[in-house]
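Since the structure comes first, as structure tokens, the remarks are kept for the end.
Chain letters run A, B, ... following the sequence lines, proteins first and then strands; every chain starts at 1. It should be emphasised that the depicted structure is a prediction, and the values quoted were computed from it without experimental measurement.
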Protein chains: 2
Amino acid sequence: MNNSPNVVDLKVLKQACKNCGLSDLCLPLGVSAEELEALERIIDRKRPLQRNEHLYVAGDRMTSLYAVRSGSVKTYTVTNDGQEQITGFHLPGELLGLDAINGGLHPCSAKALETTSICEMPFEALEEVSQRIPALQHQLFRIMSREIQADEHFMMLLGKKSSDARLAFFLLSLSTRLGARGFSHKEFYLTMSRNDIANYLGLAVETVSRLFTRFQNAGIVHVRRKLVTIERLEPLRQIAGVHRIQERCQPENQDLPPLQPPLI
Amino acid sequence: MNNSPNVVDLKVLKQACKNCGLSDLCLPLGVSAEELEALERIIDRKRPLQRNEHLYVAGDRMTSLYAVRSGSVKTYTVTNDGQEQITGFHLPGELLGLDAINGGLHPCSAKALETTSICEMPFEALEEVSQRIPALQHQLFRIMSREIQADEHFMMLLGKKSSDARLAFFLLSLSTRLGARGFSHKEFYLTMSRNDIANYLGLAVETVSRLFTRFQNAGIVHVRRKLVTIERLEPLRQIAGVHRIQERCQPENQDLPPLQPPLI
DNA sequence: CGTATGATTGACATATTTCAAGGTCTGTGG
DNA sequence: CCACAGACCTTGAAATATGTCAATCATACG
């Protein structure tokens, strides 16, 4: 079935891009069938990570990029005053390690939030292959560009948006990304703790907790521990002040009471 | 002197990468002399922009990346509730437009803060050339990676740091970047307004203004309108809680009064 | 089951924003 | 060259969103 010359491990090859449901989210987008083979040859599938296991830690030499196949990963740095700062949560189909190309060392650590399987792509090989396959090079540029764009968007969130807008955005982002991966848009498990969410969004845990209760009392979401159900999408969008990227900006955030003010 | 076949405009060619003092900050880093020629052939130098002139506006089709040659540029989006959000200030040697590769449209607008000259690099040509020149491809990956890394760092600033840390970081960042470009580390003009700074740092103008006075009263910087003089670097670093990237993290932020508390 | 960890809730503290006023440049046109 | 207008910046006082501290509660896990 697979005529690759270097059959090291059947399990590895079975999981290659061709048969991966994520291929349209991940690298192979826009890469032809033959080109895919060249790509597959360099991609390795690591043993799955257990919850809390590290994929790499800050300071590690960067040798590969990684794609999440299933599960989820958080990346974080430790600031010099010793506190953790989460830089991102990564879902299936998303790439990890792009921030390390520049310096050759990982500036962040990456830790599995649940049992997670990962594809490893040795970076030098990836560069070499993308040297031969324009579509792959282009795709890599696109992926990095998308990351930059997302970061800019997130900077706006942190710089200008209130706590409720941040949480709403966070939930919508998860919903959209999980939806794109074939999971439910409406109902999902949070694989990260409230602490992680707060940390990521630049808020205190208590604030996040209060917001969940407020959202729930307002009938917008239902939250039971880690399980989130989005009940009404539109209000959530309003709260997030969604900024549907790539759309002409018309003031859409007209009225709507500010989420039942303090909601005493 | 230049044997390029398509001599359209002498002025353009005179300004090519080879003679550009910024080449070690900009694309050509790590590109050999011959390779440089191929690169130069596609780089165009636009007429300088006047203050407040746009290089592109959000929604424009992306055709080129741009490098700042001299002057400075701000990039910003307008959120759907109509307020501007500045996503970055760009100094000589820095690239613009990386966030647009993904969608093909510029998600931000770019506006000159002063008279500014720009190199234009048609993106398709750039991709094609970097297909042939591994070092250029690598350099592009690195530049995008660096951008991602910087964004992550900035996210931490916005999410976790106090207003004084933000302004201190901002001043240090300008100082470092200007220094790398041959300008003074210690004394420079702010080409952006207080409003722009506040907007960028996620603060109110008034807060920025007060912080400048506080820093000045503490003898850390001297500020007279747009002219900033850094008097004492270390305290500024302490306030910023510098996170010297790529260094082993040891708590270095020990004591030092929190900038003469409220400084009544 | 009991313990530990994470989540929630309340009361209080505070950094930063908002509102309001006044001050200071800078460029323009007389 | 001067006067003026408008933008920009600074400062103070009051308001507020969010953080901090502390206690309780729920859940998961050994």
Side-chain angles (χ1 to χ4, degrees), chain A residues 50-52 74 81 83-86 113-114 157-168 170 189-217 221-228 239 241 257-264, chain B residues 50-52 74 83-84 86 113-115 157-168 170 189-217 221-228 239 241 258-264:
Chain A
Q50 295 308 310
R51 184 167 133 83
N52 288 330
K74 75 171 177 184
D81 45 338
Q83 59 177 347
E84 183 174 309
Q85 161 71 35
I86 295 176
L113 290 166
E114 61 190 310
L157 196 80
L158 292 182
K160 294 262 176 308
K161 301 292 187 161
S162 59
S163 58
D164 51 1
R166 295 188 203 187
L167 188 63
F170 176 72
Y189 279 92
L190 300 172
T191 56
M192 65 295 289
S193 68
R194 299 285 193 272
N195 235 308
D196 284 348
I197 298 174
N199 183 304
Y200 180 58
L201 297 176
L203 300 171
V205 208
E206 294 91 332
T207 306
V208 169
S209 192
R210 281 186 251 270
L211 285 170
F212 270 127
T213 3
R214 277 175 60 194
F215 283 4
Q216 171 152 303
N217 291 343
V221 299
H222 180 87
V223 190
R224 163 114 189 129
R225 209 70 179 171
K226 301 267 184 190
L227 179 64
V228 172
I239 293 165
L259 183 63
Q260 298 174 26
L263 256 181
I264 311 272
Chain B
Q50 295 307 310
R51 185 166 130 85
N52 289 330
K74 73 171 177 185
Q83 59 177 346
E84 185 175 307
I86 295 178
L113 290 166
E114 62 192 306
T115 306
L157 196 80
L158 293 182
K160 296 259 177 308
K161 300 293 189 159
S162 59
S163 58
D164 50 1
R166 296 188 202 186
L167 188 63
F170 176 72
Y189 277 92
L190 300 171
T191 56
M192 66 296 289
S193 68
R194 298 287 192 271
N195 235 308
D196 284 347
I197 297 173
N199 184 306
Y200 180 58
L201 297 176
L203 299 171
V205 207
E206 293 91 333
T207 305
V208 169
S209 192
R210 280 185 253 269
L211 285 170
F212 270 127
T213 359
R214 276 176 60 193
F215 284 3
Q216 172 152 302
N217 291 343
V221 298
H222 181 88
V223 190
R224 165 110 190 126
R225 208 74 177 166
K226 299 266 182 192
L227 178 64
V228 172
I239 293 166
L259 183 62
Q260 293 171 30
L263 255 182
I264 312 274

* To do: May I ask you to say what B:Lys160 touches in the nucleic acid, namely base, sugar-phosphate or nothing, with a heavy-atom cut-off under 4.0 Å?
  => nothing
* To do: Scan A:Val221, A:Thr207, A:Leu201 and name whichever one has a side chain to side chain contact (heavy atoms under 4.5 Å, CB included) with A:Leu167.
  => A:Leu201
* Asked: Is the backbone of B:Leu158 close enough, under 3.5 Å, to the side chain of B:Arg166 for a donor and an acceptor to pair up by distance?
  -> yes
* C:dG6 P sits how many Å from A:Arg51 CZ, rounded? -> 9 Å
* To do: Would you indicate, yes or no, if C:dT17 has its OP1 or OP2 atom less than 4.0 angstrom from a side-chain nitrogen or oxygen of B:Thr207?
  => yes
* To do: Among A:Ile197, A:Leu157, A:Val208, find the residue that satisfies the side chain to side chain contact (heavy atoms under 4.5 Å, CB included) test when tested with A:Phe170.
  => A:Ile197
* Please check if the side chain of A:Gln216 supplies one atom and the backbone of A:His222 the other of a donor-acceptor pair under 3.5 Å. => no
* To do: For DNA chain C, find the residues of residues 190-205 of chain B with a heavy-atom distance under 4.0 Å and give them by number; none if there aren't any.
  => B:Gly202, B:Leu203, B:Ala204
* Structure fact -> note: A:Leu158, atom CG; D:dA17, atom P; distance rounded to Å ~ 19 Å
* Structure fact -> In whole angstroms, the gap separating C1' of D:dA22 from CD of A:Glu206 amounts to 10 Å
* **For B:Lys74, all residues meeting salt bridge (Lys or Arg N to Asp or Glu O under 4.0 Å), sequence neighbours excluded** => B:Glu84, B:Asp196
* To do: Mind calculating the distance between CG (B:Leu227) and C1' (C:dT26) to the nearest angstrom?
  => 17 Å
* For A:Lys160 and B:Gln83, indicate whether the former's side chain and the latter's backbone hold a donor-acceptor pair under 3.5 Å. => no
* When we call it a touch if two heavy atoms are under 4.0 Å apart, what does A:Ser163 touch: a base, just sugar-phosphate, or nothing? -> sugar-phosphate
* Out of C:dG10, D:dT18, C:dA20, which nucleotide sits closest to the side chain of A:Arg210? -> C:dG10
* Would you kindly give the CZ-to-C1' distance between A:Phe212 and C:dG6, to the nearest whole Å? => 13 Å
* **d(CG, A:Leu167; P, C:dA7) in whole Å** => 13 Å
* With side chains defined as the heavy atoms from C-beta onward, is the minimum distance between B:Lys226 and B:Ser193 less than 4.5 Å? -> yes
* Is B:Arg194 reaching over with its side chain to a backbone N or O of B:Arg225, donor-acceptor style, under 3.5 angstrom? -> yes
* Asked: Is a side-chain donor or acceptor of B:Glu114 paired with a backbone partner of B:Thr191 at a separation under 3.5 angstrom?
  -> no
* Do B:Arg214 and B:Asp164 touch side chain to side chain, with heavy atoms closer than 4.5 Å? -> yes
* Asked: Within the structure shown, what part of the strands sits under 4.0 Å from A:Arg224 by heavy-atom distance: base, sugar-phosphate, or nothing?
  -> sugar-phosphate
* Structure fact -> Ranking B:Val223 and A:Val208 by the position along DNA chain D of their nearest nucleotide, the one closer to 5' is B:Val223
* Structure fact -> Double-helix bend of the helix from C:dC1-D:dG30 to C:dG30-D:dC1, axes at both ends from 5 pairs, round to 10°, gives 40°
* So, is A:Lys226 close to the D:dT27 phosphate, meaning a side-chain N or O under 4.0 Å from OP1 or OP2? -> no
* Could you check how far CG of B:Asp164 sits from C1' of C:dT14, rounded to whole Å? => 14 Å
* Structure fact -> Atom CZ of B:Arg166 and atom P of C:dA15 are separated, to the nearest Å, by 14 Å
